[in-house]
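Below is one structure, written out as structure tokens, with a few remarks after it.
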Amino acid sequence: MKMVFLGPPGAGKGTMAVRVAEEAGIPHISTGDIFRFNIKNQTELGTRVKAILDSGELVPDSLTIELVQDRISKDDAQSGFILDGFPRTIPQADALSSMTTLDRVINFELNDEEVVRRLSGRRVHPGSGRTYHVLFSPPRVEGKDDATGEDLVQREDDKEDAIKNRLRVYREQTEPLIQYYRSRDMLVDLDSSPAPDTVYAALKALLNL
Ligand code: ADP
Ligand code: ADP
């Protein structure tokens with residue numbers, strides 16, 4: 001199944017994508033993770049996009065589209081994939097529709113207050129991308145990754161000023177995609193406010209997993 005997880009930052013797309021990808025045996029493709037991997041490894045792409053990610057603005061469409069085109073043409077993505085964080089603009093959605101046919105777009109719904117609560121408590125393990133929350137899904141040992149014991153960090157863009165900017169960017173550039181996909185009869189809404197296991201159960205039911 002080829003699907004897109006759409007929704008505001010912090011709605012839980014990544015958390016659910018990891019679980020669905022494992023259950024369905026398809027890759028989880030997160031453009032944010034790909035950019036962060038490149039920043040961490042100081043590649044040319046990483047150097048180009050670091051300041052953009054830190055501020056919460058969007059990476060230019062042309063660059064992002066090329067990256068996704070390349071990724072979904074790989075062998076492991078032929079029978080399905082979860083795109084998490086892409087598309088984020090109408091031009092990206094148009095480009096995606098010329099690359100492939102999607103089965104489903106899941107719209108993760110969460111209000112701004114809860115978005116801020118989730119993002120400000122988010123902690124990540126940079127090596128793996130594993131995500132925790134200081135209150136809602138804390139690691140076994142404070143500040144340490146469960147699997148490796150390595151330090152968890154707070155993303156630069158999960159600090160207050162960048163969070164506000166990202167919500168504004170989401171409203172202006174990404175939210176119009178809800179209507180874009182709804183009018184094409186591809187969108188399914190998902191209430192993302194309950195606890196993770198409840199959201200996951202609802203998502204599995206939607207996807208017939
Ligand atoms: P979130 O956890 O807020 O959903 P992501 O990890 O998806 O954030 O994205 C982090 C940052 O990476 C974005 O704020 C943006 O700078 C960049 N980015 C990720 N995906 C895209 C995209 N499809 N188009 C442009 N920029 C993107
Ligand atoms: P996104 O990929 O949409 O930006 P994440 O999956 O990274 O969002 O989740 C944002 C934060 O909220 C993380 O700290 C995560 O642990 C936490 N979280 C995810 N889903 C839930 C949920 N259903 N209830 C409470 N917290 C959640």
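Remember, it's 1-based here, ligands and their atoms both numbered in the order they're listed. From a predicted model like this one, the values you see are computed outputs, not experimental measurements. Numbers for residues simply follow the sequence, beginning at 1. No hydrogens, no waters, no symmetry mates; every other heavy atom, side chains included, goes into these values.
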* Pick from Lys13, Arg88, Arg36: the one approaching atom 7 (O) of ligand 1 most closely through a non-hydrogen atom -> Arg88
* Could you say whether the N/O atoms of Pro194 and ligand 2 ever approach to under 3.5 Å? => yes
* Structure fact -> The closest protein heavy-atom partner of atom 26 (N) of ligand 1 is Val59 N, 3.1 Å
* Mark up the atoms of ligand 1 that fall under 4.0 Å of a heavy atom belonging to Phe86, in ascending order. => 23 (N)
* For Gly7 and ligand 2, answer yes if some heavy atom of the residue is under 4.0 Å from a ligand atom, otherwise no. => no
* Asked: Would Ser193 count as a contact of ligand 2 if the rule is a heavy atom under 4.0 Å away?
  -> no
* Which one of Asp54, Asp61, Leu53 has a non-hydrogen atom at the shortest distance from atom 11 (C) of ligand 1? -> Leu53
* Considering only heavy atoms of Ala195, which atoms of ligand 2 have at least one such atom less than 4.0 Å away? -> 23 (N)
* Structure fact -> For His133, the atoms of ligand 2 under 4.0 Å from one of its heavy atoms are 14 (O), 16 (O)
* Asked: Would you say ligand 2 has an N or O under 3.5 Å from any N or O of Thr131?
  -> no
* Looking only at heavy atoms, is any part of Lys50 under 4.0 Å from ligand 1, and if so is it the side chain, the backbone, or both, or is it neither? -> neither
* Going by the atom numbers of ligand 2, which of them fall below 4.0 Å from some non-hydrogen atom of Phe136? -> 25 (C), 26 (N)
* **Residue portion contacting ligand 1 (non-hydrogen atoms closer than 4.0 Å) for Arg122** => side chain
* **Per-atom contacts, ligand 2 versus Gly14 - under 4.0 Å to a heavy atom** => 1 (P), 2 (O), 6 (O)
* Below 4.0 angstrom from a heavy atom of Thr64, which ligand 1 atoms are there? Numbered from 1 as shown, please. => 22 (C), 23 (N), 24 (N), 25 (C)
* Give the atoms of ligand 1, by number and element, whose distance to some non-hydrogen atom of Thr31 is under 4.0 Å. => 19 (C), 20 (N), 21 (C), 23 (N)
* Report yes or no: do Ser193 and Asp191 form a side-chain donor-acceptor pair below 3.5 Å? => yes
* Any idea which atoms of ligand 1 are less than 4.0 Å away from a heavy-atom of Pro9? -> 3 (O), 4 (O)
* Asked: Does Gly12, backbone or side chain, put an N or O under 3.5 Å from an N or O of ligand 2?
  -> yes
* When only distance counts, is Thr15 in polar contact with ligand 2, meaning an N/O pair under 3.5 Å? -> yes
* Asked: Can you tell me the protein heavy atom closest to atom 3 (O) of ligand 1 and the distance?
  -> Arg166 NH2, 2.3 Å
* **Whether Glu23 side chain and Arg19 backbone form a donor-acceptor pair below 3.5 Å** => no
* Asked: Does Arg166 count as lying over the ring of Tyr170, i.e. NZ or CZ under 6.0 Å from the six-ring centre, within 45 degrees of the axis?
  -> no
* For atom 15 (C) of ligand 1, closest protein heavy-atom neighbour -> Glu57 O, 3.4 Å
* To do: Output the list of atoms in ligand 1 that are nearer than 4.0 Å to some heavy atom of Gln92, sorted by atom number.
  => 22 (C), 23 (N), 24 (N), 25 (C)
* Asked: Would one find an N or O of Ala11, backbone or side chain, under 3.5 Å from an N or O of ligand 2?
  -> yes
* Structure fact -> for atom 27 (C) of ligand 1, nearest protein heavy atom and its distance come out as Phe35 CE1, 3.8 Å
